[in-house]
There are 2 protein chains.
Amino acid sequence: MLEIISRGETYGYEITQQLRELGFTDVVEGTVYTITLRFEKNNLVNIEKKRSNVGPPRKFYTLNEAGQEQLENFWRKWNFVSSKLNELRDKGGK
Amino acid sequence: MLEIISRGETYGYEITQQLRELGFTDVVEGTVYTITLRFEKNNLVNIEKKRSNVGPPRKFYTLNEAGQEQLENFWRKWNFVSSKLNELRDKGGK
DNA sequence: ACTGGTATAATGTAATACAGAATAGTGTAT
DNA sequence: ATACACTATTCTGTATTACATTATACCAGT
């Protein structure tokens, strides 16, 4: 979700849809919103509320400096863990 | 940890060491044991207690049928998630 | 007024991660 | 004998996370 937000201003409902398009077909809004709220709580995002002409106002997020760092940090950890796991998976026993 | 156990009978303390060798240098015993206990609780492992000549008895684990399945299931999910994440990481925006 | 799609917030439960402290067995050096 | 280092497991507790459900609200078309 941090990565998705980093691609450009977006809001919860849209993030849900993007995740579904990405293949995470069964994510529901509730899950996404708990995470965006966590981002808010941890001060990783800037918030801008804009009205929509097809529904209630949208809360647009962008990453702030801390959010960028968190994202980079995530990818660092991801690269580490995924390389280790793939190693484990691929090269058989011992 | 399921994968490590699937490679052959092992016990908590040894699993901790293997994880450290794999690069997860800061895992501590407490963490590992909560997970082995979860495996027990979920009936994914067979248990065999054997005495040791260098310390207290060891609780050896092997995967049972359900454990094997759980492991295969894990790899399925892992392959899915990691391919999606790498896609997100590699091919830039949109 | 009602429906369907868009949008967020509030609430609750179960699982997970992780650390720290307590306990105990064994061999070796003092 | 006893103290120490290493091996080994268990117990306990806290904070976070995952995830779903429900409630609420805005808008357009019928």
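Below, chain A is the first sequence line, B the second, and so on; all start at residue 1.
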Can you give me the N/O atom pairs linking the protein to nucleotides 6-13 of chain C at distances under 3.5 Å, or say none if there are none?
from, atom 1, to, atom 2, distance (Å)
C/dT6, OP2, A/Tyr13, OH, 3.2
C/dA7, OP1, A/Arg58, NE, 2.2
C/dA7, OP1, A/Arg58, NH2, 2.2
C/dA7, OP2, A/Tyr11, OH, 2.9
C/dT8, OP1, A/Lys59, N, 2.6
C/dT8, OP2, A/Gly12, N, 3.4
C/dT8, OP2, A/Tyr13, N, 2.8
C/dT8, OP2, A/Tyr33, OH, 2.5
C/dA9, OP1, A/Lys59, NZ, 2.8
C/dA9, OP2, A/Lys59, NZ, 3.2

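Ring-plane geometry between B/Trp78 and B/Trp75 is classed as perpendicular, the angle between the planes exceeding 60 degrees on a 0 to 90 degree scale with a lower cut at 30.
Distance, B/Ile15 CD1 to D/dA8 P: 12 Å, rounded to whole Å. If you measure from atom CG of B/Asn42 to atom P of C/dA15, you get 9 Å, rounded to the nearest angstrom. The interatomic distance linking B/Ile35 (CD1) with D/dC11 (P) rounds to 17 Å, in whole Å. One interatomic measurement links the two molecules: NZ of B/Lys50 to C1' of D/dA8, which rounds to 16 Å at whole-angstrom precision.
Within the 4.0 Å cut-off from OP1 or OP2 of D/dT17, at least one side-chain nitrogen or oxygen of A/Arg38 is found.
Under the 3.5 Å distance criterion, the side-chain polar atoms of A/Tyr33 are matched with a main-chain donor or acceptor of A/Tyr13.
For the pair A/Lys77 and A/Asn73, the minimum side-chain heavy-atom distance is below 4.5 Å. Side-chain atoms of A/Leu71 and A/Ile5, non-hydrogen and from C-beta on, never get closer than 4.5 Å to each other. The shortest distance between side-chain heavy atoms of A/Val28 and A/Thr31 falls below 4.5 Å.
Within a heavy-atom distance below 4.0 Å of DNA chain C, no residue of residues 70-78 of chain A is found.
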Could you tabulate the donor-acceptor pairs under 3.5 Å formed by side-chain atoms of residues 42-56 of chain B, not counting sequence neighbours?
from, atom 1, to, atom 2, distance (Å)
B/Lys50, NZ, B/Glu9, OE1, 2.9
B/Ser52, OG, B/Val54, N, 2.9
B/Ser52, OG, B/Gly55, N, 3.4

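Between B/Lys59 and B/Glu40 there is a salt bridge, since a side-chain N of the basic residue sits under 4.0 Å from a carboxylate O of the acidic one.
The minimum heavy-atom distance between A/Met1 and A/Leu19, with the atom names listed, is CG-CD1, 4.1 Å.
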